[in-house]
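Proteins get letters first, then strands, A, B, ... in listed order; numbering begins at 1 in each.
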Amino acid sequence: MATLSLRLSPHLPFPPTSTINSTSSKTNGIPPFVKYPVKTFSLREICREGKLREAFRSFGNDLTSPGHSYKPPDEAYSLILELCAAQKALSQGQQIHGHVLKSKSVADAVFLDTKLVFMYGKCGSLLDARKVFDEMLELNIFAWNAMIGACVGNDRPLGALELYKEMRMLDFPLDAHTFPSLFKACAAVEDLCSGCEIHGLTIKLGFLSNAFVVNSLVGMYSKCDDIPAAYQLFSRTSVREDVVAWNSLISAYAASGMSTEGLGLFEEMLYAGVTPSSYTFVPVLQACEEPALGKLGRGIHAIVLKSGRHLETHVANSLVVMYAKNNSMDEAARVFSEMKEKDNISWNSMLSGYVQNGLYEDALCVFSEMKILVQKPDQISLVSMLAASGRLRNLSHGMQIHAFSLKNKMDNDLLVGNTLVDMYAKCGRTDYMHFVFDRMPYKDSVTWTTAISGCARNNLPMKSLQLFREINVEKMEVDMLMIGSILLACSDLKCHSLVKEIHAYFMRRGLYDLVTENTLVKVYGDCKNINYACKVFKLIEFKNVVSFTSMMSSYVDNGLASEALELVPRMKENKIELDCVATLSILSAAADLSALRKGKEIHGFLLRNGFIIEGPVASSLVDMYACCGIVDDSYKVFSSTLNKDLPIWTSMISAYGKHGYGKVAIDLFRRLESENLVPDHITFLAVLYACSHSALVEEGKKVFESMQEEYKLKPWPEHYTCMVDMLARANYLEEAFHFVTMMKAEPTAAVWCALLGACRVHSNEKIREIAASKLMELDPVNPGNYVLVSNAYAATERWEDVEEVRSKMKGKELKKDPACSWIEVGNKFHVFVAHDRSHPESDEIKQNLDQITEKLVKGGGYVPQTKYVLHNVEEEEKVKLLTGHSERLAISYGLLNTTYGTPIRITKNLRVCGDCHNFTKLTSKYLKREIIVRDANRFHHFRDGVCSCGDFW
DNA sequence: GTAGGGTTAG
């Protein structure tokens with residue numbers, strides 16, 4: 001009786017759990033609902049309020065109370081199943097399923113089975129849904145719709161379309177609720193064909209007047225990139241007064257990147273007098289995510305505030321995201337702090353916003369705040385935090401998040417796994433990276449790409465290639481990002497044939513985009529194939545700043561700095577703005593050429609445009625000024641840089657070293673140590689170089705020792721070269737030789753070069769012979785080495801040996817670089833090679849030079865030292881050869897064309913010869929001009945007849 | 001029907 005009356009009652013009465021207990025039902029034996037007025041406690045109300053625990057407990061108590069006589073009606077089951085579905089409470093839903101099976105009171109099995117299918121679908125258990133569905137004896141349209149919905153909601157759009165086919169085969173009539181799910185399925189697989197077919201059916205069946213159907217159709221067309229069809233539907237049907245239709249189309253525009261059109265439609269909508277809903281604001285704000293539309297976004301914010309919709313979490317979240325994407329994290333934070341209710345999406349939007357704007361520390365702060373406020377971080381929060389840890393190279397923080405993910409069983413998430421792989425790669429821990437990678441249950445192409453680039457970035461190029469091979473075996477799809485990572489590995493290997501192979505591989509597959517092309521320019525440059533780099537660069541249709549920077553840095557790396565500088569005006573022609581990375585390449589080219597004017601121009605550009613001078617930009621400026629001969633300006637940049645990193649200290653030490661201020665360089669090194677910075681290999685190289693060029697042998701030895709003992713750094717071949725050079729120059733030839741024999745590593749050609757070079761100044765026949773033969777053995781294709789060997793023989797007038805070396809060189813068709821010097825006057829470089837007559841002012845230059853030489857011989861004490869002429873010719877001829885050296889031509893030109901009182905700056909591609917050095921010293925004294933010469937090795941500041949190198953170079 | 005997450009170049 002009671003059951004029947006209840007089923008008829010619109011408000012199902014259920015006793016609240018808190019007030020009922022087993023004793024009460026035990027003691028009086030009366031079913032509790034009898035005791036309570038029907039209207040007060042209804043399951044409907046409990047369910048409407050979403051109180052699952054309460055609903056479920058009362059439900060459970062009723063069924064488990066000893067002696068209970070209550071049999072829930074179908075509607076009670078239905079209500080609680082819907083609640084389980086809404087709250088994705090699978091285990092509770094399964095329990096209810098158990099009760100349904102046991103219950104003998106179920107009146108409408110088809111009805112409840114349909115609800116079960118629905119519940120399982122919503123709770124993500126597609127298999128259970130399918131099981132119930134398959135076992136149903138009778139199917140109605142609700143069951144079909146529930147099953148189709150379950151497929152769509154659980155990433156099985158093809159399953160939904162299969163069911164649709166079955167329905168059509170059975171000629172089962174579809175209803176208005178079937179279509180939206182089907183269109184969603186078509187959209188998910190971008191199956192425009194099926195979508196159109198089903199669209200035809202809706203017309204045939206007359207469902208096109210249904211707003212839900214139309215809106216889902218609009219959504220389908222937009223997901224399948226057929227915006228015109230979506231728009232046509234919108235304009236043809238009579239849904240223009242329906243805010244939902246507007247929303248669908250605006251969403252379609254926003255989702256396909258047609259922001260302006262979407263915003264235009266929004267304006268039209270306001271004009272048509274349709275009131276926007278929160279569903280309108282979300283896509284409209286999404287359309288404003290491009291930074292160019294930021295201003296508009298603020299305007300929309302004002303409209304949102306007027307409408308009062310900012311109080312809705314969805315809308316406020318969209319505002320946060322819009323500001324984050326517009327690089328206005330301050331605004332985003334303001335909206336966030338004023339939110340009444342924050343959900344995980346709000347927190348995660350803030351986290352990812354900070355990460356995307358590079359404000360990693362802020363992201364870490366938000367995360368700890370989140371944990372304090374008991375907002376449980378989810379997988380998405382972890383992804384942001386791992387990304388922040390990786391980019392900060394903060395291994396310990398990254399590991400903490402990893403531990404958190406393990407503890408909370410979130411490590412199986414694909415994206416968490418991928419970010420973990422990346423985080424460990426960025427922190428240089430490829431061992432942990434592989435640990436995570438190997439244990440990931442599912443991998444996608446991002447996983448592989450991340451691992452490949454992780455290996456490439458951590459100097460494991462062979463491992464990268466191995467992974468790439470595995471991918472091809474696994475038939476995983478290769479995309480452009482993966483190609484980029486592989487190219488990175490090739491670049492590491494400097495293997496030009498491999499790069500060509502990969503180049504052909506992706507050309508064949510049509511995997512070509514700007515990023516890949518730009519990478520290729522750089523990689524060909526790294527592999528010393530500048531011709532290919534140029535070819536690829538020329539073929540890039542729409543070059544951007546990265547294309548130009550890649551080409552410039554390839555030029556610079558291949559010794560073609562002036563070609564790099566020639567690209568700068570071409571960037572301007574193409575209206576491409578310089579950014580700070582591009583300026584690095586230009587500064588490095590300027591440094592190579594001693595192009596002070598260009599360097600200063602870039603410095604000015606950086607200051608004018610508000611670039612913060614720190615990091616690589618600051619060290620490049622230090623280096624540029626030093627290479628242009630103005631070490632004081634290097635120091636100005638150095639001292640005005642607030643956050644001095646290790647590279648800028650190293651650059652400054654190296655600057656002093658080049659200019660022969662060895663003691664200052666060592667002082668700076670001590671200051672660096674006292675600031676608790678840890679010097680690296682490069683720093684030590686700079687210090688040792690400085691010692692070597694200032695004859696600071698004892699200091700150099702100490703530094704070399706501390707490098708190994710204190711800092712536990714294993715010397716590179718370059719460090720040994722520096723030490724040998726230092727000892728040999730200071731005439732400790734025997735000790736230098738001994739040092740070479742005691743080296744832990746095999747001596748490289750450069751080490752023998754250093755030794756041989758010193759033999760020219762401090763003659764030692766035994767060492768010279770050994771060094772010369774070793775050099776020829778280790779590097780027989782470098783023309784410079786032949787010149788060095790030949791010069792060493794020439795210095796002791798062993799002309800037969802000189803001839804032999806020269807003929808060997810000829811036989812191998814090796815040509816040495818001709819010596820050349822240049823000077824920057826006005827806006828131009830004036831380049832001279834020895835005995836050059838090609839300059840338009842050649843006659844004046846020669847005449848001026850002859851006059852100076854004559855004066856120096858007569859009154860300046862200049863005696864040409866013909867031993868520096870390394871050709872076996874007559875004495876008179878030797879003098880002629882000397883006076884035609886390229887640096888003298890450049891000096892003569894400088895004297896003729898620069899104002900008295902300004903220093904003359906000359907750059908030479910080879911080392912200065914002894915006679916020119918003497919000549920320049922005397923010129924500086926006699927003509928009272930400061931002359932600064934940068935040769936292949938270092939700087940010489942000539943003033944009043946003295947050179948800063950102390951005649952030691 | 002709405003919002004948040006991972007791998008690319010100099």
Looking for any heavy atom pair under 4.0 Å, which part of the strands does [X] touch: base, sugar-phosphate only, or nothing?
X	value
A/Val581	base
A/Thr450	sugar-phosphate
A/Asn247	base
A/Val320	nothing
A/Thr549	base
A/Asp513	nothing
A/Gln379	base
A/Val416	base
A/Lys543	nothing
A/Arg457	sugar-phosphate
A/Thr419	sugar-phosphate
A/Gln356	sugar-phosphate

Tell me which nucleotide among [options] gets nearest to the side chain of [X].
X	options	result
A/Val244	B/dA3, B/dA9, B/dG1	B/dG1
A/Val546	B/dA9, B/dT7, B/dG5	B/dA9
A/Val446	B/dG1, B/dG5, B/dT7	B/dT7
A/Asp343	B/dA3, B/dG10, B/dT8	B/dA3
A/Asp422	B/dT8, B/dG5, B/dA3	B/dT8
A/Thr449	B/dT2, B/dT7, B/dT8	B/dT7
A/Lys184	B/dA3, B/dT7, B/dG1	B/dG1
A/Ser352	B/dA9, B/dG5, B/dG1	B/dG5

- Query: What do the steps show when you test A/Phe548 against A/Phe537 for ring pair (Phe, Tyr, Trp, His ring centres under 6.0 Å), and what is the final call?
  - Reply: CA-CA 8 Å; A/Phe548 275 93; A/Phe537 176 73; 5.3 Å; yes
Is there, by distance only and without an angle test, a donor paired with an acceptor across the side chain of A/Asp579 and the base of B/dG10 below 3.5 Å?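 Between B/dG10 and A/Asp579, which were checked side chain against base, a qualifying N/O pair under 3.5 Å is present.
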Item to complete: Test for a donor-acceptor pair under 3.5 Å between the base of B/dG10 and the side chain of A/Asn544, counting only N and O atoms.
Response: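 Side chain to base: no pair present.
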Nucleotide [N], atom [atom2] - distance to [atom1] of [X] in whole Å:
X	N	atom1	atom2	answer
A/His314	B/dA3	NE2	P	8 Å
A/Asn317	B/dG5	CG	C1'	14 Å
A/Asp479	B/dA9	CG	C1'	14 Å
A/Ile483	B/dT7	CD1	P	19 Å
A/Tyr442	B/dT7	OH	P	23 Å
A/Lys522	B/dT8	NZ	P	17 Å
A/Leu420	B/dT7	CG	P	12 Å
A/Met433	B/dT7	CE	C1'	12 Å

For A/Glu331 and A/Arg298: C-alpha separation, side-chain torsions, deciding distance, then whether salt bridge (Lys or Arg N to Asp or Glu O under 4.0 Å) applies.
CA-CA 10 Å; A/Glu331 297 287 340; A/Arg298 285 164 205 269; 3.3 Å; yes
TODO: Step by step, work out the side chain to side chain contact (heavy atoms under 4.5 Å, CB included) result for A/Leu606 and A/Leu578.
DONE: CA-CA 9 Å; A/Leu606 290 166; A/Leu578 287 181; over 6 Å; no
Ignoring hydrogens and angles, tell me if any N or O in the side chain of A/Ser328 forms a donor-acceptor pair with the backbone of A/Asn326 under 3.5 Å.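 Side chain of A/Ser328 to backbone of A/Asn326: a pair is present.
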A/Asn154 side chain to A/Gly121 backbone, donor-acceptor under 3.5 Å: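 Yes, the answer is positive, given that a donor and an acceptor are paired below the 3.5 Å cut-off.
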task: May I ask you to check whether over 12 heavy atoms, not counting those of A/Phe212, lie within 6.0 Å of atom CZ?
output: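 For A/Phe212, atom CZ is not crowded (no more than 12 foreign heavy atoms under 6.0 Å).
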side-chain N/O A/Gln286 vs B/dA3 OP1/OP2, d < 4.0 Å:
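Answer yes for this pair, as a side-chain N or O of A/Gln286 is under 4.0 Å from OP1 or OP2.
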TODO: Tell me whether A/Phe548 is stacked on the nucleobase of B/dG10, counting only the six-membered base ring and applying the 5.5 Å and 30° thresholds.
DONE: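 No, A/Phe548 does not stack on the base of B/dG10, since the centre distance and plane angle fail the 5.5 Å and 30° test.
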Q. Do A/Asp422 and A/Thr450 get their side chains close enough for a donor-acceptor pair, meaning under 3.5 Å?
A.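 No, because no side-chain N or O of A/Asp422 sits under 3.5 Å from a partner of the opposite role on A/Thr450.
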